Visitor: 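Before I ask anything, let me first share the structure, which is written out below as structure tokens.
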Amino acid sequence: MEKQRTAILTLDDGRSLELPILSGSLGPDVVDMRGLSKLGMFTYDPAFMATASCTSGITFIDGDKGLLYYRGYPIEQLAEKSDFLEVCYLLLNGELPNAQQKADFSYKVTMHTMVHDQLARFYNGFRRDAHPMAVMVGVVGALSAFYHDSLDINNPEHRETSALRLIAKVPNIAAMAYKYNTGYPFMFPQNKFGYVENFMYMMFGTPCEEYVPNPVLVRALERIFILHADHEQNASTSTVRLAGSSGANPFACVASGIAALWGPAHGGANEAALKMLEEIGDASRVKEYVAGVKDKKYRLMGFGHRVYKNMDPRASVMRQTCYEVLKELKLENNKLFELALELERTALSDPYFVERKLYPNVDFYSGIVLRALGIPTNMFTVIFALARTIGWVSQWNEMVGDAEQKIGRPRQLYRGAAKRDFVPLDRR
Ligand code: CMC
């Protein structure tokens with residue numbers, strides 16, 4: 001048997017502690033810090049810059065090499081050869097489905113696409129101009145008030161049913177948020193359509209005309225869904241796991257993930273990146289804009305990543321998808337795309353970005369594709385949430401099934417007032 005490798009921690013008071021070193025199947029080794037409590041101490045790692053919060057077998061990222069694998073399969077291969085429902089099955093179950101498993105899974109998802117009719121009434125409670133992410137947080141959270149028969153989180157069958165319900169209903173809920181916003185009637189899902197086509201139908205179809213999906217555009221959106229499906233322990237996924245660690249139901253946990261995703265440093269970056277391109281307006285203003293970034297007046301949205309210190313592999317696929325979609329729509333001379341290419345060129349040849357290893361991330365080009373597909377800017381982060389639902393629910397399912405799982409409870413470095421006695425009001 002191989003000898004357990006260890007790290008020795010020596011304190012300045014002479015005490016020391018031997019801590020096990022653990023190896024994953026890929027990626028760097030980790031020091032198992034759990035024994036540190038024996039010294040009455042904690043680690044201090046705000047923003048989890050150096051902390052692995054769990055064991056997972058779902059997604060692997062090598063940020064230095066720019067690699068992303070779902071269950072071992074490189075993202076480029078999945079984006080080119082697979083489809084979104086197959087990727088959902090893979091993330092949830094660990095293996096690609098065979099033909100029968102794929103057909104069964106697709107059937108089950110299709111059978112869960114309708115939402116309880118009462119759920120549709122929630123929308124009337126929102127202002128028409130509410131941000132659709134606000135609607136998503138509310139309505140997805142409300143699912144737990146409807147589907148009581150799949151809420152026993154210790155029952156794997158209930159967990160699977162909840163997962164299917166989430167994957168199936170989120171496109172419908174997202175499209176309803178858009179329809180409510182624009183004043184068009186809600187469209188019921190159509191079983192004749194595939195998953196992505198169905199979402200496009202519910203978004204863009206009307207009761208007055210037949211909707212005929214464009215296969216090139218369906219494929220582009222499918223790719224966006226695949227690229228966003230999971231990304232290991234990011235802010236929203238960690239939020240889902242933390243919420244789930246208390247035993248909360250999966251619909252509530254996914255709603256917490258949607259809330260965390262909304263911020264501009266995370267999923268909100270796709271909306272912010274497109275707004276930034278519009279604000280720059282013309283390639284002639286790129287140098288001036290980049291100068292403002294270097295002066296720290298604002299950040300280049302869609303650039304930089306906590307883990308990738310190389311090209312985000314999703315950004316390369318997204319850039320290629322941009323070419324394909326714009327060609328299909330005869331928008332080859334798209335001004336925003338040209339501007340984005342120029343911005344990327346300028347940034348990648350500038351020492352500020354090179355030294356800090358700041359490269360385009362998935363959100364840099366996705367907004368251009370989504371805009372070309374006719375998706376309004378305030379729906380961009382909703383698309384991200386729709387696609388990430390499978391990642392959240394897979395990570396939640398893995399965590400609940402993990403025997404080592406306990407409620408998540410970080411500690412703190414307290415720097416507040418020391419103990420003091422209460423002072424009555426007339427003496428303050
Ligand atoms: N533009 C300009 N400077 C940047 C940027 C940027 N986009 N990102 C990081 N920096 C600089 C930052 O100012 C800092 O410089 P200095 O060392 O001089 O203080 C250095 O790079 C390190 O930045 P950091 O904030 O410590 O890095 P982080 O790992 O905490 O932040 C990030 C990661 C993604 C929040 C950040 O890069 C960022 O704000 N990017 C823009 C928002 C964005 O595109 N987010 C989408 C991320 S990918 C999709 C997703 O996760 O949802």
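In this text the structure is predicted, and so the values were computed from the model without any measurement. Ligands are counted one by one from 1 in listed order, and the atoms in each one are counted from 1 as well.
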Visitor: Closest non-hydrogen protein atom to atom 34 (C) of ligand 1, residue and atom name please, with distance?
Guide: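 Checking every protein heavy atom, the shortest distance to atom 34 (C) of ligand 1 gives G304 O, 3.7 Å.
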
Visitor: Look only at interatomic distance and state if G302 has a nitrogen or oxygen under 3.5 Å from any nitrogen or oxygen of ligand 1.
Guide: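 In this structure, G302 places an N or O atom under 3.5 Å from an N or O of ligand 1.
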
Visitor: Once you measure the plane-to-plane angle for H116 and F146, does it fall in the parallel (<30°), tilted (30-60°) or perpendicular (>60°) bin?
Guide: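 Tilted, since the angle between the ring planes falls between 30° and 60°.
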
Visitor: In the protein, what heavy atom is nearest to atom 26 (O) of ligand 1, and what distance, to one decimal place, separates them?
Guide: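 It is R299 NH2, 5.0 Å.
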
Visitor: So is there a nitrogen or oxygen of A265 less than 3.5 Å from a nitrogen or oxygen in ligand 1?
Guide: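 Between A265 and ligand 1, an N or O pair is found under 3.5 Å apart.
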
Visitor: Which heavy atom of the protein is the closest neighbour of atom 3 (N) of ligand 1, given with residue, atom name and distance?
Guide: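 Of every protein heavy atom, Y352 OH, 3.0 Å lies nearest to atom 3 (N) of ligand 1.
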
Visitor: Which residue and atom name correspond to the protein heavy atom nearest atom 40 (N) of ligand 1, and how close is it?
Guide: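 The answer is F303 O, 2.9 Å.
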
Visitor: Any protein heavy atom lying closer than 4.0 Å to atom 7 (N) of ligand 1?
Guide: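 Flag for atom 7 (N) of ligand 1 set to true, protein heavy atom closer than 4.0 Å.
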
Visitor: Heavy-atom distances under 4.0 Å decide this one: backbone, side chain, both or neither, for N361 against ligand 1?
Guide: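 For N361, the contact with ligand 1 is made by the side chain alone.
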
Visitor: Return the option from L358, V362, D312 holding the heavy atom at the smallest distance from atom 4 (C) of ligand 1.
Guide: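 Among L358, V362, D312, the closest heavy atom to atom 4 (C) of ligand 1 comes from L358.
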
Visitor: Heavy atom of F384 under 4.0 Å from ligand 1?
Guide: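 Checking ligand 1 against F384, which is what was asked, there is a heavy-atom contact under 4.0 Å.
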
Visitor: Which atoms of ligand 1 sit under 4.0 Å from any heavy atom of A269?
Guide: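 Taking each heavy atom of A269 in turn, ligand 1 has 43 (C), 44 (O), 45 (N), 46 (C) under 4.0 Å.
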
Visitor: Do F364 and Y359 have ring centres separated by under 6.0 Å?
Guide: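 Ring-ring flag for F364/Y359: false, centres at least 6.0 Å apart.
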
Visitor: Counting from 1, what ligand 1 atoms have a heavy atom of L300 closer than 4.0 Å?
Guide: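 Here the atoms of ligand 1 in question are 1 (N), 2 (C), 6 (C), 7 (N), 41 (C).
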
Visitor: Is the closest heavy-atom distance from F364 to ligand 1 below 4.0 Å?
Guide: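 The answer is no, since F364 has no heavy atom less than 4.0 Å from ligand 1.
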
Visitor: Could you check whether E324 pairs with R319 (Lys NZ or Arg NE/NH1/NH2 to Asp/Glu carboxylate O, under 4.0 Å)?
Guide: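 So E324 does not pair with R319 through a salt bridge.
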
Visitor: With a 6.0 Å cut-off on ring centres, are F126 and Y180 close enough?
Guide: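 They do not qualify: ring centres at least 6.0 Å apart.
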
Visitor: I'd like to know if the side chain of Q405 and the backbone of S245 have a donor-acceptor N/O pair within less than 3.5 Å.
Guide: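 Yes, the answer is positive, given that a donor and an acceptor are paired below the 3.5 Å cut-off.
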
Visitor: Salt-bridge test for D83 and K102: reply yes if a basic N is under 4.0 Å from a carboxylate O, no otherwise.
Guide: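 Yes, this pair counts.
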
Visitor: Touching ligand 1 at all, N234? Heavy atoms, strictly under 4.0 Å?
Guide: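 Outside the 4.0 Å threshold, so no.
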
Visitor: Identify, for atom 15 (O) of ligand 1, the protein heavy atom at the shortest distance, and state residue, atom and that distance.
Guide: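 Nearest neighbour among protein heavy atoms for atom 15 (O) of ligand 1, to 0.1 Å: K296 NZ, 3.0 Å.
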
Visitor: Under a 4.0 Å N-O cut-off, is there an ion pair linking R371 with E278?
Guide: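 Judged by the 4.0 Å cut-off on N to carboxylate O distance, R371 and E278 do form a salt bridge.
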
Visitor: Closer than 4.0 Å to some heavy atom of G267 - which atoms of ligand 1 meet that?
Guide: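 Ligand 1 atoms under the 4.0 Å threshold to G267: 52 (O).
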
Visitor: Which label fits F384 and H228: parallel for a plane angle under 30°, tilted from 30 to 60°, or perpendicular past 60°?
Guide: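 Answer is perpendicular, since the angle exceeds 60°.
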
Visitor: I'd like to know if the side chain of S246 reaches the main chain of A243, judged simply by a donor and an acceptor atom lying under 3.5 Å from each other, with no hydrogens or angles considered.
Guide: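 It does hold such a pair.
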
Visitor: Output the distance between atom OG1 (T59) and atom CG (L91), rounded to the nearest 0.5 Å.
Guide: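 So the OG1 of T59 and the CG of L91 are separated by 5.5 Å.
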
Visitor: Looking at atom 49 (C) of ligand 1, what's its closest protein heavy atom, distance included?
Guide: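 Scanning the protein heavy atoms, the shortest distance from atom 49 (C) of ligand 1 goes to D363 OD2, 3.2 Å.
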
Visitor: Please work out which of the three classes, parallel, tilted or perpendicular, describes the rings of H305 and H231, given edges at 30° and 60°.
Guide: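 The arrangement is perpendicular - the two ring planes meet at more than 60°.
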
Visitor: Would you mind checking if D64 and K357 are paired as a salt bridge, meaning a charged N to carboxylate O distance below 4.0 Å?
Guide: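 Salt bridge between K357 and D64, a charged N being under 4.0 Å from a carboxylate O: no.
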
Visitor: State the atoms of ligand 1, each with its element, that fall below the 4.0 Å cut-off from a heavy-atom position in V293.
Guide: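 Here the atoms of ligand 1 in question are 1 (N), 2 (C).
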
Visitor: Below 30° counts as parallel, above 60° as perpendicular, anything between as tilted: where do the rings of Y147 and F251 land?
Guide: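 Plane angle between 30° and 60°, so tilted.
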
Visitor: Nearest protein heavy atom to atom 20 (C) of ligand 1, by residue and atom, and its distance?
Guide: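 Result: R356 CD, 3.9 Å.
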
Visitor: Considering heavy atoms of the protein only, find what lies nearest to atom 42 (C) of ligand 1 and give residue, atom and distance to 0.1 Å.
Guide: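 So the nearest neighbour among protein heavy atoms is M301 CE, 3.5 Å.
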
Visitor: Looking at non-hydrogen atoms alone, which of H266, H231, R306 comes nearest to atom 50 (C) of ligand 1?
Guide: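 Of the listed residues, H266 has the closest heavy atom.
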
